[in-house]
Amino acid sequence: MSMKPPKKSDNGKSWMKSRNGRSKKIQPEYHLIVTEGTDTEPAYFGAMKEEINRHYHDRIDLTIIGEGDNTLNLFQKARQRAASNPNGYRHVWIVYDTDDFPAEHVDQVPQLAKDCSNEETEYHAIWSNQCIELWFLLHFSYMQSNLHRSEYWPKLSGCLEQLGCGKYEKNRKDMYHILLPFMEQALANAKRLNQENRGKRPSESAPGTNVYELVEWLKPWLI
């Protein structure tokens with residue numbers, strides 16, 4: 001079954017009605033996005049949530065939590081939040097950076113996500129090696145140099161300054177809207193990088209990110 005929202009032109013048609021002729025009330029699809037960061041990631045995905053709510057608030061419901069924790073702890077907190085929600089979540093996204101955390105912890109989260117997924121709830125490990133700023137940079141150019149995360153920020157500042165948007169800071173609230181015109185390029189660059197890293201674990205994929213998987217999932221409601 002397609003996960004895309006029904007078209008407005010389909011509303012009122014026969015397949016959108018119950019047998020007694022009354023319109024069905026479609027429950028929204030619930031998503032939980034739990035992030036390691038408390039500022040950058042919630043601001044970025046929060047802007048997506050605002051866009052979705054303008055048009056599809058009754059089709060998809062996003063809960064975004066900046067936990068301020070990492071890898072295994074972040075996954076366990078995401079599970080606890082999912083279990084405590086009476087509506088349940090169809091998808092739970094665990095968004096984290098590899099930073100300098102132990103490789104075995106970084107790599108264990110995708111396996112835990114796979115093991116804990118079932119027909120009701122699917123867990124997704126959304127990682128960036130080394131940090132989500134790599135995803136931001138991929139909006140401007142393809143990168144395959146293994147840079148330390150501290151080197152991403154000056155590069156991002158240079159890209160933003162060329163657009164007349166000032167310097168990059170971790171707590172910027174406008175990154176989604178600045179980057180939106182370059183989303184297709186970022187998706188293509190991230191997928192290309194993923195191919196280069198094929199067969200490698202997240203901890204070995206330097207640089208690498210699969211943030212594009214979450215963005216691509218939400219894209220039908222954004223554009």
Side-chain angles (χ1 to χ4, degrees), residues 33-52 62 64-71 74 93-101 103 106 109 124-198 200-219 221-223:
I33 301 175
V34 179
T35 71
E36 172 190 340
T38 58
D39 294 314
T40 305
E41 295 90 339
Y44 179 72
F45 293 112
M48 291 187 180
K49 176 178 179 177
E50 291 177 2
E51 286 296 312
I52 291 171
L62 299 182
I64 302 168
I65 306 292
E67 284 285 6
D69 217 327
N70 59 75
T71 58
L74 186 65
W93 308 85
I94 298 95
V95 182
Y96 64 102
D97 297 342
T98 65
D99 286 338
D100 296 320
F101 300 121
V106 169
V109 178
H124 308 263
I126 303 299
W127 51 271
S128 295
N129 189 345
Q130 292 185 340
C131 56
I132 196 171
E133 280 78 11
L134 169 63
W135 165 249
F136 294 165
L137 275 172
L138 290 173
H139 287 71
F140 301 104
S141 62
Y142 181 68
M143 285 187 54
Q144 58 182 143
S145 299
N146 183 14
L147 304 177
H148 189 269
R149 58 186 177 275
S150 62
E151 297 181 66
Y152 290 160
W153 301 347
K155 285 183 174 294
L156 265 176
S157 287
C159 294
L160 296 180
E161 286 172 343
Q162 286 185 6
L163 295 175
C165 298
K167 294 183 178 181
Y168 175 71
E169 296 178 2
K170 289 286 289 184
N171 60 353
R172 286 195 68 151
K173 308 296 184 184
D174 56 357
M175 287 303 295
Y176 168 72
H177 293 289
I178 292 174
L179 298 175
L180 180 59
F182 313 101
M183 179 183 286
E184 292 299 329
Q185 179 169 297
L187 291 170
N189 284 336
K191 290 177 183 179
R192 178 183 171 190
L193 194 55
N194 185 56
Q195 285 297 311
E196 292 288 336
N197 291 325
R198 186 169 48 187
K200 296 180 181 178
R201 298 185 178 101
S203 65
E204 300 167 333
S205 302
T209 180
N210 69 342
V211 170
Y212 71 90
E213 293 180 7
L214 173 52
V215 174
E216 199 161 52
W217 191 275
L218 296 176
K219 185 181 169 186
W221 289 274
L222 292 169
I223 299 175

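Atoms CD1 and OG1, from I94 and T71 in turn, are 11.5 Å apart once rounded to the nearest 0.5 Å. For the atom pair OH of Y142 and CZ of R192, the computed distance is 4.5 Å after rounding to the nearest 0.5 Å. In this structure, CD on Q162 lies 9.5 Å from CG on L160, to the nearest 0.5 angstrom. The structure places NZ of K173 at 8.5 Å from OG1 of T40, a figure rounded to the nearest 0.5 Å. For the atom pair NZ (K170) and OG1 (T38), the distance works out to 9.0 Å, reported to the nearest 0.5 Å. Atom NE2 of H139 is separated from atom CG of L156 by 10.0 Å, given to the nearest 0.5 angstrom.
Heavy-atom minimum distance, D99 versus C131: OD1-CB, 4.4 Å. The minimum heavy-atom distance linking K49 with I64 is given by the pair CB-CD1, 4.0 Å. Looking at every heavy atom in both residues, P42 comes nearest to G66 through CG-CA, 3.9 Å. Among all heavy-atom pairs drawn from M48 and L222, the shortest one is O-CD2, 3.8 Å. Smallest separation of non-hydrogen atoms from L137 and M143: CD1-SD, 3.5 Å. P207 approaches Q144 most closely through the heavy-atom pair CD-O, 3.4 Å.
If you check the side chains of E50 and Y176, you find no donor sitting under 3.5 Å from an acceptor. Side-chain polar atoms of R198 and Q195 form a donor-acceptor pair below 3.5 angstrom.
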- request: Show your working on side chain to side chain contact (heavy atoms under 4.5 Å, CB included) between E41 and D97 and close with a plain yes or no.
  value: CA-CA 10 Å; E41 295 90 339; D97 297 342; 3.9 Å; yes

| query | After noting the C-alpha distance and the side-chain angles of I132 and T35, does the key distance pass the side chain to side chain contact (heavy atoms under 4.5 Å, CB included) rule? | reply | CA-CA 11 Å; I132 196 171; T35 71; over 6 Å; no

One pair to check against side chain to side chain contact (heavy atoms under 4.5 Å, CB included): E184 and K219. What are the steps and the verdict? CA-CA 10 Å; E184 292 299 329; K219 185 181 169 186; 2.3 Å; yes

Determine, stepwise, if the pair I33 / L214 fulfils side chain to side chain contact (heavy atoms under 4.5 Å, CB included).
CA-CA 9 Å; I33 301 175; L214 173 52; 4.2 Å; yes

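With a 4.5 Å cut-off on side-chain heavy atoms, E51 and L180 do not count as touching. Residues F45 and V211 meet the side-chain proximity criterion, which asks for heavy atoms closer than 4.5 Å. Two residues are said to be in side-chain contact when any heavy atoms from C-beta on lie closer than 4.5 Å; E133 and Y168 meet this criterion. Side-chain contact between N189 and L193: absent, with no pair of heavy atoms (C-beta onward) separated by less than 4.5 Å. The shortest distance between side-chain heavy atoms of F140 and L179 falls below 4.5 Å. A 4.5 Å side-chain heavy-atom check between Y44 and W135 finds at least one atom pair inside the cut-off.
Judged by distance alone, the side chain of T98 and the main-chain N or O of S203 form no donor-acceptor pair under 3.5 Å. Using modelled atom types, no side-chain atom of E67 and backbone atom of L74 make a donor-acceptor pair closer than 3.5 Å. Listed for the H148 side chain is a donor-acceptor partner under 3.5 Å among the backbone atoms of S150. S128 contributes no side-chain N or O that, together with a main-chain N or O of G208, makes up a donor-acceptor pair within less than 3.5 Å. Judged by distance alone, with hydrogens and angles left aside, the side-chain atoms of N129 form a donor-acceptor pair with the main-chain N or O of S205 at under 3.5 Å. At distances below 3.5 Å, at least one donor-acceptor pair connects side-chain atoms of R172 with backbone N or O atoms of K167.
Taking the six-membered ring for Trp, F101 and Y96 have ring centres at least 6.0 Å apart.
At most 12 non-hydrogen atoms from other residues, nucleotides or ligands lie less than 6.0 angstrom from CZ of R201.
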